[in-house]
Amino acid sequence: MANKLYPDAKAALEGLLFDGMTIMSGGFGLCGIPEKLIAALRDAGVKGLTVISNNAGVDGFGLGQLLETRQIAKMISSYVGENKEFERQYLAGELQLEFNPQGTLAERIRAGGAGIPGFYTKTGVGTLVAEGKEHKDFATASGTETYILETGLIADVSIVKAWKADPYGNLIFRKTSRNFNPMMATAGKVTVVEVEELVPAGTFDPDHIHTPGVFVQRLFVGRDYEKRIEQRTVRQREPA
Amino acid sequence: MANKLYPDAKAALEGLLFDGMTIMSGGFGLCGIPEKLIAALRDAGVKGLTVISNNAGVDGFGLGQLLETRQIAKMISSYVGENKEFERQYLAGELQLEFNPQGTLAERIRAGGAGIPGFYTKTGVGTLVAEGKEHKDFATASGTETYILETGLIADVSIVKAWKADPYGNLIFRKTSRNFNPMMATAGKVTVVEVEELVPAGTFDPDHIHTPGVFVQRLFVGRDYEKRIEQRTVRQREPA
Amino acid sequence: MWTRDQQAARAAKELQDGFYVNLGIGMPTLVANFIPEGVDVTLQSENGMLGMGPFPFAGEEDPDLINAGKQTITELDRTSYFSSADSFAMIRGGHIDLSILGAMEVADNGDIANWMIPGKMVKGMGGAMDLVAGVKKIIVLMEHNAKDGSAKFKTACTLPLTGKGVVDMVISELAVLARPAKGAPFRLIELAPGIDLDMLKARTEGHFEA
Amino acid sequence: MWTRDQQAARAAKELQDGFYVNLGIGMPTLVANFIPEGVDVTLQSENGMLGMGPFPFAGEEDPDLINAGKQTITELDRTSYFSSADSFAMIRGGHIDLSILGAMEVADNGDIANWMIPGKMVKGMGGAMDLVAGVKKIIVLMEHNAKDGSAKFKTACTLPLTGKGVVDMVISELAVLARPAKGAPFRLIELAPGIDLDMLKARTEGHFEA
């Protein structure tokens, strides 16, 4: 078997990075982000990055770390609300920003990984998002409707966080930390994955695997996950 | 909870059928086909059907039963090789046939269920499949390439076979009997599902569910599955 | 006039048994507190979950289990998880019955603006454009007037749109305005206690049938 | 001249360690019997399986576990299952390294015809058009000549195409013809024992560089 296992994030990114490259980074908010790989990108110092990620982290954590070091030239995201350094760089014209509706972003990544260069969607028709895009009418059950063309996205490297992996690179995600990770795993020319646990081959029920190993080129086990919570909401126990 | 459970195939199809309707039918070959629902369609006698299914069953089993009774007016399939009655009706001009490449068929169904009216693919460019379809060039990593537009498919009713379900309609498929079933579950205006086993609510690990209950309107447990094998291939045990 | 809770409770009356529902951030999340007896709804969270449960008890928060507002939540016996692509395929494909959202402006042709104010820092549209384009029925829960007193239900939106012609119902603290189909005109369905038609008209810019 | 097994063994030499491979129905399935020592390949079956194992022992056949040729098979410790849409996303997205297919005709521009003969009953293209369009490298395993003696490697296909300009290598019982990139001309790579260039040329219609 071709070895996919690497000792750590730094080793797993060795030889893949170059200035001006495009990186997809999994996660929704701070949930399911590739903590270790983001930190390793910061340490590697690679610059001029285009980063495709639903959000941009928070000040000092997640992708916020790459904003502090000015390694990101452009973000393609759906929502970037939680980051003051982001706001400062954007308002100062230091950072390019392309907003995509969240579902369009998810589908563009899925399309990129699936060899689909373009698809039509109703999302954003009649809004700023539709400007400059091809419009096309399709017949539907409720009459003719107008759709816009959106294109597939791929990345030079995708960085992905999964829960568990086996040595073949088969991946399983946990609860809502799945989010953008499975599609990004399919849309990287090279996909590098960090997991909390490596299990022996044959451990997974083949019906439970979320991402087949064909999509994973490099893999390592991360230690001491921080997994920060953005909005800690709780309810009160009923008095006994 | 809105009740999705029906006693049998006949009850589960009650009120949904009309002549000339479009039906999607899951399965690959005879693997993972909705045996009970196909038999119930035959018994219901609904006519002039357009059936979207990767294959057309065999003589006397699966969709072959609906061919014998002349209930099918048109098939949308990728491969129909195993059925003499099909061949006879087709050559006699009694049956319309639209061939789709298997991956294009799968993606058209996925698109229909996902609200995508059209997408571009390289599959079939330069072949009979591309005739009359819109062509469009997209820039790719290896230069400009030509793609063709394929449209999404939906059905009046999708009939689906799963392995297990819970009362909410969450579904789990088994091995390669998954095939076309999950996409068809998303692309029916009404989706009717037969399963081998109904489990109590909360039995499934939510990370293992293949089809969330939102896609399933009606559900019943089938008994005594025939599960015919088309090509029984085996190997010899090494002599002890 | 309705309080915020009463407004949410009014919106909850639109829930039907068996509905799959997506609730936006802010006031719409309150609707979950007023689901009528005997009505079973399943909440979708667009980050990849169907069957959203309540907030966890203190100490039981799971960082791998959040909703689209990034709040810690819990799962139920019906819960399933899936990717963001599958989640928006569910939304875009018309499989969600109802979405209840906030808005800055709604026009009497059903246009909605709720994601950006030109000249201010724009945080992004998140999933709002996908929801208004894909979900079968869109209810807007909003205050009837902006802080400067101007009407939020207008003849035309002045802010950049989130969706065109997509809103089916508006519930403010003053009234419920709704239309039977996209493209139809809005009608007055219900007035809050103490509000009469003249009061409503005086505080409304957009056209509606009384 | 190579036997069918030798032809399959020659094709197996093109397998590289770590490759993900899709084998077509017929002679290509023989390739699995000749995977070289120390080369680990994972077989994809387009009906929704990665990591296809051998045929089952008699009595252990599982009707829920078949390959794209509808044959009963087994799973391995690496196996995963997925839907047909996900399977062809994998194929169309260029994630499969190699596909080995049969053909009725191949043209010297890389065109391939292997799905229909006009006037005869057409069974359908199955997944063949998706495979030739999506997989990184396409090898055709075929007999050098048709039953009537005509060359199957031609200046132009006469039958309806499965794909345009997609073939990278042809392995017949006489020779291996290949090209370094789509668009480049084919070259003679290897002759089977007992075959010389003149014999090959006499039985070939399409152009290749010697």
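These numbers come from a predicted model, not from an experiment. What you see below is based on every heavy atom in this structure, not just the backbone, and it leaves out hydrogens, waters and symmetry mates.
What you find for D:Asp77 and A:Tyr168 is that their closest heavy atoms are OD1-OH, 2.9 Å. Across D:Ala89 and A:Arg110, no two heavy atoms sit closer than the pair CB-NH2, 4.3 Å. Of all non-hydrogen atoms in A:Asn170 and D:Arg78, the two that sit nearest each other are ND2-O, 3.2 Å.
Within residues 188-212 of chain A, the residues approaching chain D closer than 4.5 Å by heavy atoms are, in numerical order, A:Ala201, A:Gly202, A:Pro206, A:Asp207, A:Ile209, A:Pro212.
A 6.0 Å sphere centred on NZ of D:Lys137 holds more than 12 heavy atoms belonging to other residues, nucleotides or ligands. Heavy-atom contacts from other residues, nucleotides or ligands closer than 6.0 Å to NZ of A:Lys136 number more than 12. Open room surrounds NZ on D:Lys13; 12 or fewer heavy atoms of other groups in view lie less than 6.0 Å from it.
Your options are D:Gln16, D:Glu75, D:Gln44, D:Met90, and the one with the most heavy-atom pairs under 4.5 Å with chain A is D:Met90.
Neither the backbone nor the side chain of D:Met49 comes within contact range of chain A; no heavy atoms are under 4.5 Å apart. Both the backbone and the side chain of D:Thr79 come within less than 4.5 Å of a heavy atom of chain A.
The closest donor-acceptor contact from the side chain of D:His95 to the backbone of A:Phe215 lies at 3.5 Å or more, if one exists at all.
The distance from the CG atom of A:Asn3 to the CG atom of D:Asp40 is 11.5 Å, given to the nearest 0.5 Å.
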